[in-house]
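Working notes, beginning with the structure itself.
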Amino acid sequence: MKKNKGNRYSGIGGQAVLEGVMMKNKDKYAVAVRKPNGEIDVEVDVYRGIMQGSVLKKIPFIRGVFNFLDSMVLGMKTLNHSVSFYEDEEAKETAADKVMGRLFKEKAESVMLGIVTAFSIVIAVAVFMVLPYYVTSLFEEYIRNVSVMAVIEGGIRILIFVGYIVAITMMKDIKRLYQYHGAEHKCINCIEKGRPLTVHNAMRSSRLHKRCGTSFMFFVVFVSIIVFFFIRVEQPFFRILLRIALIPVIAGISYEIIRLAGRSNNIFVRILSAPGMCLQRLTTKEPDREMIQVAIASVEAVFDWKAYLKETFGYEIDDSWLVDEPAEEVEDGEEGSGDMEEEEGSEYLEETEEAESSEEAGEPEEEI
């Protein structure tokens with residue numbers, strides 16, 4: 001059996017949707033949703049993204065901008081798909097729906113999706129980039145030091161970001177979405193730790209992951225503070241324009257950082273990832289076994305995890321390993337990452353039980 005103590009990047013990522021999980025592997029993605037009648041619906045499709053095949057999507061610091069836009073478009077699309085299972089069947093077509101249908105016909109849904117995505121980006125830029133500047137400008141009369149003002153703006157940006165996360169966490173309906181978010185992470189961590197993807201193994205895996213979108217957004221905020229500290233202009237109008245113009249640069253840098261984090265586990269990467277991992281304790285919750293089943297269905301629709309374990313960890317799955325152990329109660333807030341008990345024939349544990357306790361410190365690795 002070959003030893004693999006290095007990176008265990010699987011290439012899969014995803015996001016939580018309403019009562020379900022979307023998983024993406026290369027151009028292929030699957031959306032698994034627990035329908036109101038209890039059945040799991042799985043839809044598999046292909047999303048090639050913006051600028052598909054362009055050399056720009058391979059250039060470091062530029063590819064991140066397109067990947068970020070792709071993740072937003074696909075995220076909106078899959079979220080709308082999951083919502084459709086819970087829409088009121090008697091809901092009437094709105095005037096806006098009729099107008100869009102007349103203007104764009106079969107492309108109406110795609111156009112509407114683009115409009116919603118663009119609007120979301122505008123709101124995000126206004127709240128997290130422009131608003132901190134305006135709030136900081138209120139102190140210009142009292143603080144003349146430009147560097148101090150830059151630090152204050154950065155602090156305000158962090159407070160707004162964390163405050164936003166805390167605020168939506170308090171919403172009752174968000175908890176189940178965050179539980180599915182945790183289920184997504186647990187399944188990916190289970191595979192990348194070299195464990196057979198079963199409900200039992202996934203439940204015992206960490207709900208934190210270094211490639212999570214939460215961590216990416218933290219890096220965006222953090223990188224923006226550094227960039228705006230060193231790149232300055234005097235006129236207020238151009239300050240705002242600069243903050244907007246540099247967003248692609250910030251997104252590109254942030255993407256490369258999180259990409260590195262997903263493929264490395266040295267001390268520098270762990271320190272860099274720690275704040276984002278802490279924030280994930282807010283944006284993920286411990287899922288139940290039924291949520292894990294949904295996440296597993298999504299993974300298996302687009303990813304051959306048995307072949308991955310054979311190639312990466314050097315063993316073939318025995319059917320006896322796929323029998324789930326009795327469910328264990330995991331208190332909300334715990335990582336469910338305790339050491340697995342050794343069973344007869346499960347030699348893979350020799351390779352995969354590396355410092356499980358370090359997950360509490362931020363070891364576990366959703367690509368955006």
Side-chain angles (χ1 to χ4, degrees), residues 49-51 54-57 59-76 96 100 103 110-168 213-259 272 275-276 279 283 368:
I50 302 169
M51 302 287 288
S54 172
V55 68
L56 293 176
K57 298 195 77 171
I59 301 176
F61 301 104
I62 295 179
R63 59 189 174 190
V65 179
F66 298 107
N67 283 325
F68 173 64
L69 293 174
D70 284 341
S71 67
M72 288 201 66
V73 173
L74 182 59
M76 289 286 186
M100 293 297 291
L103 291 175
S110 298
V111 173
M112 181 62 74
L113 182 63
I115 293 173
V116 172
T117 302
F119 181 74
S120 300
I121 293 174
V122 170
I123 293 297
V125 170
V127 172
F128 299 113
M129 294 296 175
V130 180
L131 180 60
Y133 166 73
Y134 273 116
V135 174
T136 305
S137 65
L138 299 176
F139 299 95
E140 285 185 341
E141 184 179 346
Y142 310 99
I143 302 174
R144 297 297 182 182
N145 189 298
V146 179
S147 296
V148 173
M149 290 292 288
V151 172
I152 292 175
E153 181 182 346
I156 292 173
R157 184 170 288 111
I158 291 176
L159 287 175
I160 291 175
F161 176 63
V162 175
Y164 166 78
I165 290 178
V166 172
I168 62 174
T214 303
S215 294
F216 172 76
M217 292 308 299
F218 173 80
F219 285 134
V220 168
V221 172
F222 179 73
V223 171
S224 71
I225 294 172
I226 297 175
V227 170
F228 296 152
F229 183 86
F230 290 102
I231 302 178
R232 306 170 184 171
V233 292
E234 294 299 324
Q235 295 81 359
F237 173 78
F238 288 110
R239 289 179 190 174
I240 296 174
L241 193 62
L242 182 69
R243 279 151 179 74
I244 297 174
L246 287 176
I247 288 175
V249 176
I250 293 168
I253 296 172
S254 301
Y255 175 80
E256 297 303 322
I257 295 174
I258 202 168
R259 191 173 187 272
L272 198 61
L279 286 174
T283 62
I368 61 168

Validation row: Val151, Ser147 side chains within 4.5 angstrom (heavy atoms): no
Closest non-hydrogen contact found for Met51 with Phe66 is CG-CE2, 3.5 Å
Can you check whether Tyr255 reaches Pro60 side chain to side chain, under 4.5 Å on heavy atoms? no
Among residues at least two apart in sequence or on other chains, which ones pass side-chain contact (heavy atoms from CB on, under 4.5 Å) with Met217? Phe161
How long is the straight-line distance from CD1 of Ile156 back to OG1 of Thr136, given to the nearest 0.5 Å? 3.5 Å
By side-chain contact (heavy atoms from CB on, under 4.5 Å) - contacts of Leu241 (at least two apart): Phe237, Phe238
Rounded to the nearest 0.5 Å, how far does CE of Met129 lie from CD1 of Ile160? 11.0 Å
Set of ring-ring contact (aromatic ring centres under 6.0 Å, His included) partners for Tyr164, sequence neighbours left out: Phe128
Would you sort out whether Tyr134 and Ile240 count as a side chain to side chain contact (heavy atoms under 4.5 Å, CB included), showing the intermediate values? CA-CA 9 Å; Tyr134 273 116; Ile240 296 174; 3.2 Å; yes
Find the distance between CG (Leu159) and CD1 (Ile152) and round it off to the nearest 0.5 Å. 11.5 Å
Heavy-atom closest pair (Leu272 atom, Phe219 atom, distance to 0.1 Å) is O-CE2, 3.4 Å
Point-to-point distance, once rounded to the nearest 0.5 Å, from CE of Met149 to OH of Tyr133: 8.0 Å
Let me confirm one number: the CD-CD1 distance from Glu256 to Ile62, rounded to the nearest 0.5 Å. 10.0 Å
Centroid-centroid under 6.0 Å between Phe68 and Phe216 rings: yes
Just by distance, do the side chain of Lys57 and the backbone of Asn67 share a donor-acceptor pair under 3.5 Å? no
With sequence neighbours left out, write down each residue that passes side-chain contact (heavy atoms from CB on, under 4.5 Å) with Val162, or none if nothing qualifies. Ile158, Val166, Leu279
List the residues meeting side-chain hydrogen bond (donor to acceptor under 3.5 Å, both in side chains) with Thr283, not counting sequence neighbours, and say none if there are none. Thr214
Which donor-acceptor pairs under 3.5 Å do the side chains of residues 220-228 make with protein atoms, sequence neighbours left out?
unit_1, atom_1, unit_2, atom_2, d
Ser224, OG, Val220, O, 3.3
Ser224, OG, Val221, O, 2.6

Indicate the atoms forming the closest heavy-atom contact of Pro248 with Ile244, along with that distance. CD-O, 3.9 Å
Closest contact, heavy atoms only, Ala150 versus Phe229: CB-CD1, 3.6 Å
side-chain contact (heavy atoms from CB on, under 4.5 Å) partners of Leu138, counting only residues at least two apart: none
Contacts of Arg232 that satisfy salt bridge (Lys or Arg N to Asp or Glu O under 4.0 Å) - sequence neighbours left out: none
Under a 4.0 Å N-O cut-off, is there an ion pair linking Arg63 with Asp70? no
Any salt bridge (Lys or Arg N to Asp or Glu O under 4.0 Å) pairs touching residues 147-167, not counting sequence neighbours? Glu153-Arg157, Glu153-Arg243
